[in-house]
K.L.:
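Just dropping this structure here.
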Amino acid sequence: MAMLEEKRKLLHDLIKSAPDNKLSEIEKLIKFALIPEVEPSEEEKRIIEQAEKEFKNGETKRYTIEELRKEFLGDE
């Protein structure tokens, strides 16, 4: 249990030392990490398979990390 307490303290210290302009990004990352993992439903599996086929056939666009950052983290 002491190890978990040390880890929490380290995380608190890191957040306290973070520059103000990084706080929104850190908040989003923490919220993302706390989303519970669940198995995809049969419908979701079907959609994933379809998307993989479309990607292999060149029917979808590949995104760069910069494009994804802008889309999901909002050009901060």
Side-chain angles (χ1 to χ4, degrees):
M1 197 63 158
M3 196 154 183
L4 284 176
E5 290 173 17
E6 290 174 22
K7 183 67 78 173
R8 285 185 185 275
K9 182 179 180 340
L10 173 63
L11 290 170
H12 284 268
D13 291 345
L14 287 171
I15 292 168
K16 285 180 184 177
S17 67
D20 291 346
N21 66 338
K22 293 293 184 178
L23 292 177
S24 292
E25 190 171 339
I26 292 168
E27 177 186 12
K28 290 174 187 177
L29 290 170
I30 291 171
K31 285 180 178 179
F32 180 76
L34 295 176
I35 296 172
E37 293 183 30
V38 294
E39 283 293 313
S41 68
E42 291 303 315
E43 175 68 10
E44 291 168 329
K45 288 178 186 177
R46 186 189 66 70
I47 291 169
I48 291 167
E49 288 173 11
Q50 180 64 36
E52 288 173 344
K53 283 180 191 175
E54 290 173 3
F55 181 75
K56 286 178 185 174
N57 292 332
E59 300 172 31
T60 59
K61 180 183 180 212
R62 181 177 294 239
Y63 291 92
T64 65
I65 294 296
E66 291 79 24
E67 290 169 325
L68 292 173
R69 267 184 85 83
K70 284 182 182 178
E71 176 73 24
F72 295 103
L73 296 178
D75 204 20
E76 292 180 5

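Hydrogens, waters and symmetry mates are skipped; everything else that's a heavy atom, side chains included, is used. For clarity, every value in this text was computed on a predicted model and none was experimentally measured.
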K.L.:
Strictly by salt bridge (charged side-chain N to carboxylate O under 4.0 Å, His left out), give each pair with a member in residues 51-60 just once, sequence neighbours left out.
P.N.:
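Qualifying pairs: none.
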K.L.:
Apply side-chain contact (heavy atoms from CB on, under 4.5 Å) to Glu43 and list each qualifying residue two or more places apart in sequence or on a separate chain.
P.N.:
Ser41, Arg46, Ile47
K.L.:
Which ILVMFWY residues are connected to Phe72, directly or by a chain of links, through side-chain heavy atoms under 4.5 Å apart?
P.N.:
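Other cluster members: Tyr63, Leu68.
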K.L.:
Sort and list the pairs that fulfil salt bridge (charged side-chain N to carboxylate O under 4.0 Å, His left out) and have at least one residue in residues 30-40, not counting sequence neighbours.
P.N.:
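The answer is Glu27-Lys31.
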K.L.:
What residues, two or more places apart in sequence or in another chain, satisfy side chain to side chain donor-acceptor pair (under 3.5 Å) together with Lys7?
P.N.:
none
K.L.:
Has Glu67 got a side-chain atom pairing as donor or acceptor with Thr64's backbone, closer than 3.5 angstrom?
P.N.:
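A pair under 3.5 Å: yes.
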K.L.:
Is there a side-chain contact (heavy atoms from CB on, under 4.5 Å) between Arg8 and Glu5? Walk through the geometry before answering.
P.N.:
CA-CA 5 Å; Arg8 285 185 185 275; Glu5 290 173 17; 5.7 Å; no
K.L.:
With sequence neighbours excluded, what pairs up with Asp20 under the side chain to side chain donor-acceptor pair (under 3.5 Å) test?
P.N.:
none
K.L.:
Only counting residues at least two apart or in another chain, list the ones meeting salt bridge (charged side-chain N to carboxylate O under 4.0 Å, His left out) with Lys9.
P.N.:
Asp13
K.L.:
Do Arg69 and Glu66 meet the salt-bridge criterion of a basic N to acidic O distance under 4.0 Å?
P.N.:
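So Glu66 does not pair with Arg69 through a salt bridge.
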K.L.:
Who passes side-chain contact (heavy atoms from CB on, under 4.5 Å) against Ala18, sequence neighbours left out?
P.N.:
Leu23, Ile26
K.L.:
Show which residues join Phe32 in its hydrophobic cluster (side-chain heavy-atom contacts under 4.5 Å, direct or indirect), or state none.
P.N.:
Ile35
K.L.:
Looking at residues at least two apart in the chain, or sitting in another chain, which of them share a side chain to side chain donor-acceptor pair (under 3.5 Å) with Ser17?
P.N.:
none
